[in-house]
Amino acid sequence: MIDTTSNIILPRKFYKRPVLTVAKELLGKVLIKKENDEILAGRIVEVEAYDGNIDQAAHSFKDKTKRNEVMFNEGGYFYVYFTYGVHFCCNIVTGKKDAGSAVLIRAVEPLEGIELMIKRRFERSLKSEKEIFNLTSGPGKVCKAFGFSTEHSGLDLTQNQIYLIDRLKLKNINIGISKRIGITKSAELMWRFFEIGNPYLSR
DNA sequence: CCACGGATTGGCT
DNA sequence: GCCAATCCGTGGA
């Protein structure tokens, strides 16, 4: 059980730093979504950085539009977009206002509200024990399990509906680095960060 | 106005 | 491993 009150809600200044710094430090932090009587929580284990200044794969690489405008906020806002006509992906906006940078949440380790996540994601119960590793192991899967959609895009992560916490018991994380998955532009950038050996990673 | 492709996933060959 | 699903932003005619 995660204690969501005595832990520290990540403050604005955490998010306003450069995207690569924030991306790496997001590993191990806990993503929380509070609903009426339910709390959903997952420990972030895989992320990718996107930076509109130099990164052609970022939605913010071109000018501000209705779709990408949230990416131009200052750090600490939630950016959710719809893709392939099927899936949502959620991001953490970083940097100063108009930086156009964000971190994609690619995978989390489910901690709390797991039954509700299973219900939303599979619309049935688990077929096997190991299916738990397929629950939140990809960006679209995380959004399905948590119920994130574009209606949540633009939410302030320093408020108490959707937010991140730093657990008091810190543990060293073995960080792996690779190219980002599923993109063709700026594909050479090594901007994917993950916890080596964690069983909840994507793919 | 139309055609195309995408920060994905799951099912079928 | 390949490919359909299925919406929407973008770019060219």
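All heavy atoms count here, side chains included; hydrogens, waters and symmetry mates do not. First the proteins, then the strands, lettered A, B, ... as listed; each starts at 1.
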Task: A/Y81-A/H59 aromatic ring centre distance below 6.0 Å - done: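 For A/Y81 and A/H59, the ring centres are under 6.0 Å apart.
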TODO: Determine whether the aromatic ring centres of A/F88 and A/F82 lie less than 6.0 Å apart.
DONE: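 Yes.
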Open item on the list: With rounding to the closest Å, how many angstrom separate the P atoms on B/dA7 and C/dG1?
Closed with: 22 Å
How close or far is atom [atom2] of [N] from atom [atom1] of [X], stated in whole angstroms?
| X | N | atom1 | atom2 | answer |
| --- | --- | --- | --- | --- |
| A/K141 | B/dG11 | NZ | C1' | 13 Å |
| A/K185 | B/dA7 | NZ | C1' | 11 Å |
| A/H59 | B/dT8 | NE2 | C1' | 12 Å |
| A/L201 | B/dT8 | CG | P | 15 Å |
| A/R106 | B/dT8 | CZ | C1' | 8 Å |
| A/I105 | B/dA7 | CD1 | C1' | 12 Å |
| A/F148 | B/dT8 | CZ | P | 17 Å |
| A/Y84 | B/dG10 | OH | C1' | 14 Å |

Taking the side chain of [X] as its heavy atoms from C-beta onward, which of [options] lies nearest to it?
| X | options | value |
| --- | --- | --- |
| A/N134 | B/dG10, C/dA5, B/dG6 | B/dG10 |
| A/M71 | B/dA7, B/dT8, C/dC7 | B/dA7 |
| A/N91 | B/dA7, C/dT10, B/dT9 | B/dA7 |
| A/Y79 | B/dA7, B/dT9, C/dG11 | B/dA7 |

Task: Check ion pair A/K179-A/E188 (N to O, under 4.0 angstrom) - done: no
Open item on the list: Does this structure show an ion pair linking A/E74 with A/K97, if we count only N-O contacts that are shorter than 4.0 Å?
Closed with: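 Looking at A/E74 and A/K97, the cut-off is not met.
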Task: Passing option when A/E48 is tested against A/R180, A/K24, A/R106 for salt bridge (Lys or Arg N to Asp or Glu O under 4.0 Å) - done: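 For A/E48, the salt bridge (Lys or Arg N to Asp or Glu O under 4.0 Å) test succeeds with only one of A/R180, A/K24, A/R106, which is A/R106.
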Once you apply a heavy-atom cut-off of 4.0 Å, does [X] come out as touching a base, just sugar-phosphate, or nothing?
| X | answer |
| --- | --- |
| A/T184 | sugar-phosphate |
| A/R121 | sugar-phosphate |
| A/R67 | sugar-phosphate |
| A/I183 | sugar-phosphate |
| A/K144 | nothing |

Task: Side chain proximity check, A/V70 to A/F78, heavy atoms < 4.5 angstrom - done: no
TODO: Using the aromatic ring of A/Y50 (for Trp, its six-membered ring), decide whether it stacks on the base of B/dA7 within the limits of 5.5 Å and 30°.
DONE: yes
TODO: Could you tell me whether the phosphate oxygens of C/dT10, OP1 or OP2, come under 4.0 Å of any side-chain nitrogen or oxygen in A/T65?
DONE: yes
Task: Who pairs with C/dT6 - Watson-Crick or G-U, where each distance is under 3.5 Å - done: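 Looking at the geometry, C/dT6 pairs with no nucleotide.
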